[in-house]
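The structure appears below as structure tokens.
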Amino acid sequence: MDDQTRMLAGLAGLGGLSQGDIGDPDSVRKQLGQPQQDIGDILQQIMAITDESLDEAQARKHALNCHRMKPALFSVLCEIKEKTVLSIRGIQDEDPPDPQIMRLDNMLLAEGVSGPEKGGGSAAAAAAAAAAGGSPGADGGIEHSDYRAKLAQIRQIYHSELEKYEQACSEFTNHVMNLLREQSRTRPISPKEIERMVAIIHRKFSSIQMQLKQSTCEAVMILRSRFLDARRKRRNFNKQATEVLNEYFYSHLSNPYPSEEAKEELAKKCAITVSQVSNWFGNKRIRYKKNIGKFQEEANLYAVKTAVDAASVSAQASQANSPATPNSGGYPAPCYTPDGRL
DNA sequence: TCGCATGATTTGCG
DNA sequence: CGCAAATCATGCGA
């Protein structure tokens, strides 16, 4: 017979107590020699505590705390409680890593919101932006920095919220733990139970954390889609930029492939990016080739323009810069027909 | 509102 | 990777 079965037997014997026995110190003393009745008596006293005044209850509490049977009773009650609680929620007890929260964590890490500070973060953001852009060498200057600034903002809010959350969680956990420890002097609360309560609190708080992570992810997604939209949105270059590009194109018609340096210079002149210059030349070449006739007028215009410009500097230079001159294997040069026919 | 112009993106090749 | 070619998507004038 172990302690618990003995205990249960003692509980079964409760029915034998008369109302008059309860609260009578003499009868308690008389029964000390009989474990079963003794325990039953203590239980009755505990149950009756709520009916008493505060002072009486405090006194009774103290008396019970000092009772020599208290530690044994306490541990047995803990054990019983442990068994019932376990049977009720034993299954929920395991805490498998939530796949949802892991997914969110991974995304936040990939976006550079969570994880290491500034350096790694912005690098990850740049990587994400580059991945989002997809096109090689897309060095979107202004939009990119805008995106990074917005991301940093989200990151800051996320971290401050996370900090608040962690503080609240630990504060609350401490509070509950202190409360339970305090109560464990009068109620059968085992350390294991406190542990479980802490786990429950953490679970509750982690659902809040998940909400925070989820909304952060959403914010990042919205930012990203906006950024992508902005990149996708086409804006015509200004007249001056088109002029500069066209001038270069028609004055290098035999070989309209600007070098990297030339592209950089054109980009600077037109206040656009190098990749935009590349795009422009790619489009121009293909469209010019497809329909030379259509570009005839434009070609003549720019040919004259460059010729005039060159002439103002040097008479020979106009010859060298003429689009018709260096035409070995290049694009067909336009003929100077007034009606635009080849 | 329609159709063309045009900048950006995608795809495939060497 | 740089390019050609095709395609997408928006700007803009008629």
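Everything numeric here is computed off the predicted structure, so don't read it as measured data. Lettering of chains follows the sequences in order, A, B, ..., and the numbering in each one begins at 1.
Looking only at side-chain heavy atoms (C-beta outward), Glu265(A) and Lys268(A) stay at 4.5 Å or farther from each other.
Between Asn279(A) atom CG and dA8(B) atom C1' the separation is 6 Å, expressed in whole Å. Whole-Å rounding puts the Lys239(A) NZ to dG13(C) C1' distance at 15 Å. Rounded to an integer number of Å, the gap from Phe281(A) CZ to dC3(C) P is 11 Å. The nearest whole Å value for the distance from the CD atom in Glu260(A) to the P atom in dC3(C) is 8 Å. The nearest whole Å value for the distance from the CZ atom in Arg235(A) to the C1' atom in dC12(C) is 12 Å. One can place CD1 of Ile272(A) at 12 Å from C1' of dA8(B), the figure rounded to the nearest angstrom. Rounded to an integer number of Å, the gap from CG of Asn246(A) to P of dA5(B) is 14 Å. One atom, CH2 of Trp280(A), and another, C1' of dT6(B), lie 11 Å apart when rounded to the nearest Å.
Between the side chains of Glu243(A) and Tyr302(A), not a single donor N or O lies within less than 3.5 Å of an accepting N or O.
In terms of heavy atoms, Leu162(A) sits closest to Gln209(A) at CD1-NE2, 3.5 Å.
Side-chain nitrogen and oxygen atoms of Gln276(A) include at least one within less than 4.0 Å of the OP1 or OP2 phosphate oxygen of dA8(B). Within the 4.0 Å cut-off from OP1 or OP2 of dA6(C), not a single side-chain nitrogen or oxygen of Lys289(A) is found. Under 4.0 angstrom from either OP1 or OP2 of dA4(C) there lies no side-chain N or O belonging to Lys290(A).
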* To do: Begin with the C-alpha distance, continue with both residues' side-chain angles, and end with the deciding distance and a verdict on salt bridge (charged side-chain N to carboxylate O under 4.0 Å, His left out) for Arg196(A) and Glu193(A).
  => CA-CA 5 Å; Arg196(A) 194 155 41 233; Glu193(A) 210 181 328; 5.5 Å; no
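In this structure, Lys294(A) reaches the sugar-phosphate backbone alone: every heavy-atom distance under 4.0 Å involves primed, P, OP1 or OP2 atoms, never a base. Note on Arg287(A): a base of the nucleic acid sits closer than 4.0 angstrom, heavy atoms only.
The listed nucleotides are dA6(C), dA8(B), dA4(C); the one nearest the side chain of Ile286(A) is dA4(C). Of the candidates dG7(B), dA5(B), dC3(C), dC3(C) carries the atom nearest the Tyr257(A) side chain, counting heavy atoms from C-beta on.
The base of dA5(B) is not paired with the side chain of Asn236(A) by any donor and acceptor separated by under 3.5 Å.
One distance of note links NE2 of His252(A) with CG of Asn255(A); it measures 8.5 Å at 0.5 Å rounding.
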